[in-house]
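Beneath this line is the structure, given in structure tokens, with notes to follow.
Just so it is clear, the model here is predicted, and its values are computed rather than measured.
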Amino acid sequence: MGITLKSVSYSYQGKYQTVRAVNDVSYDFGGGKVYTIIGKSGSGKTTLLSLMAGLDLPVEGEIVVDGKSTKDWDRNRMRRDVVSVIYQNYNLFPLLTVQENIRYPLSLKKLPKKEAIAASREARARVELSESYDRRFPRQLSGGEQQRVAIARTLAQGCKIILADEPTGNLDSANSRNIVDIFCSLAHDDGCTVIIITHDMAVAERSDVVIRMGDGKFSL
């Protein structure tokens with residue numbers, strides 16, 4: 001399962017001009033690898049990630065996810081079942097416990113509560129958080145712990161395509177290494193397609209493929 005970009009372009013209207021944020025990009029992201037996309041601010045990285053997540057559609061070309069164009073997907077369902085996005089700011093619900101945060105997407109899938117709890121515990125253990133974390137709230141966690149919870153939520157969700165937007169941006173070097181270890185395990189052991197947007201060269205050095213992006217285009 002992967003993502004294929006076919007001559008993808010995206011433009012938006014800036015204050016004084018039309019900005020071509022993504023410019024005729026084609027690439028095939030396959031399973032079992034960690035990809036990093038690096039580039040300066042304004043190079044189009046985050047816009048491209050949003051397109052791959054189905055948060056918007058290309059103005060030209062198409063993005064094929066698990067064999068189907070994003071324009072043909074129910075994109076809410078795609079993000080629920082196929083593609084999971086991990087953000088720099090974690091996006092945890094502050095009033096839900098760790099366990100409730102992890103199993104939240106399973107409630108959207110109408111999974112029975114008993115099964116959802118079991119899946120959340122398994123996912124939490126996979127990111128090396130002990131059972132004592134189940135009843136804690138996000139405010140009681142460090143940045144690294146919050147990011148582990150966000151990844152555990154993705155694991156419980158069962159998505160095979162993982163998009164991460166600056167996932168180590170708020171973390172120290174030790175926590176960053178641990179988070180990248182988890183991403184590498186997801187790709188190499190579980191066959192996931194992991195695509196990371198980052199400015200962190202230490203993350204890029206650990207990836208299987210590094211893609212540089214500038215002026216909306218890829219260079220390898």
message: side chain to side chain contact (heavy atoms under 4.5 Å, CB included) for Lys68 and Val65? Distances and angles first, verdict last.
response: CA-CA 5 Å; Lys68 184 161 64 173; Val65 176; over 6 Å; no

Asp81/Arg77 under salt bridge (Lys or Arg N to Asp or Glu O under 4.0 Å): CA gap, chis, key distance, verdict: CA-CA 6 Å; Asp81 297 341; Arg77 179 174 173 269; 3.5 Å; yes

task: Show your working on side chain to side chain contact (heavy atoms under 4.5 Å, CB included) between His199 and Ile38 and close with a plain yes or no.
output: CA-CA 6 Å; His199 287 96; Ile38 61 174; over 6 Å; no

task: Show the numbers, then the answer: is there a side chain to side chain donor-acceptor pair (under 3.5 Å) between Asp208 and Tyr35?
output: CA-CA 6 Å; Asp208 300 297; Tyr35 302 83; over 6 Å; no

Full working for side chain to side chain donor-acceptor pair (under 3.5 Å) between Asp165 and Gln88: CA-CA 6 Å; Asp165 189 4; Gln88 179 178 353; over 6 Å; no

Working for side chain to side chain contact (heavy atoms under 4.5 Å, CB included), residues Thr70 and Met78: CA-CA 8 Å; Thr70 53; Met78 185 185 87; 4.1 Å; yes

message: Run the side chain to side chain contact (heavy atoms under 4.5 Å, CB included) test on Leu5 and Phe29 for me, step by step, so that the C-alpha distance in whole Å, both residues' side-chain angles and the decisive distance to 0.1 Å come before the verdict.
response: CA-CA 8 Å; Leu5 311 178; Phe29 296 94; 3.8 Å; yes

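Counting heavy atoms of neighbouring residues, nucleotides and ligands inside a 6.0 Å radius, atom CD of Glu122 does not exceed 12 of them. Remark: Lys109 NZ is packed, more than 12 non-hydrogen atoms of other residues, nucleotides or ligands lying under 6.0 Å away.
Looking at every heavy atom in both residues, Ala119 comes nearest to Ala156 through O-CB, 4.3 Å. Considering all non-hydrogen atoms of both residues, Arg103 and Ser120 come closest at CB-CB, 4.0 Å. Heavy-atom minimum distance, Leu96 versus Pro138: O-CD, 3.2 Å. Residue Met213 comes nearest to Ile37 through the heavy atom pair CB-CG2, 4.0 Å, listed as atom of the first residue, atom of the second, then distance.
A donor-acceptor pair shorter than 3.5 Å can be found between the side chains of Asp28 and Thr4. Residues Gln157 and Arg153 bring no donor and acceptor atom of their side chains to less than 3.5 Å of each other.
The hydrophobic cluster containing Leu111, built from Ile/Leu/Val/Met/Phe/Trp/Tyr side-chain heavy atoms closer than 4.5 Å, also comprises Leu106. Taking Ile, Leu, Val, Met, Phe, Trp and Tyr as members and joining any whose side-chain heavy atoms lie under 4.5 Å apart, directly or through other members, the hydrophobic cluster of Ile86 also contains Val34, Tyr90, Leu92, Val98, Ile102, Val127, Leu129, Tyr133, Leu141, Val149, Ile151, Leu155, Ile162, Leu171, Ile179, Val180, Ile182, Phe183, Leu186, Val194, Ile196, Val203.
Interatomic distance, Ile195 CD1 to Thr36 OG1, rounded to the nearest 0.5 Å: 10.5 Å. Distance check, rounded to the nearest 0.5 Å: NZ of Lys160 to SG of Cys192 gives 4.5 Å. One finds the OG atom of Ser43 at 9.5 Å from the CZ atom of Phe218 (value rounded to the nearest 0.5 Å). Note that CD1 of Ile63 and CG of Leu51 are 4.5 Å apart. Values are rounded to the nearest 0.5 Å. Between atom CD of residue Glu145 and atom CG of residue Asn178 there is a gap of 11.0 Å, rounded to the nearest 0.5 Å. The CZ atom of Phe93 sits 4.5 Å away from atom OH of Tyr104, with the distance rounded to the nearest 0.5 Å.
Proximity of Asp56 to Ser50: side-chain heavy atoms (C-beta onward) are nowhere separated by under 4.5 Å.
Comment: Arg20 does not engage Asp215 in a salt bridge, judged by the lack of any side-chain N to carboxylate O separation of less than 4.0 angstrom. Between Glu62 and Lys71 a salt bridge is recorded (basic side-chain N to carboxylate O distance below 4.0 Å). With salt bridges taken as basic N to acidic carboxylate O contacts below 4.0 Å, one links Asp134 and Arg124.
Residues satisfying the salt bridge (charged side-chain N to carboxylate O under 4.0 Å, His left out) test with Arg126, not counting sequence neighbours, are Asp190.
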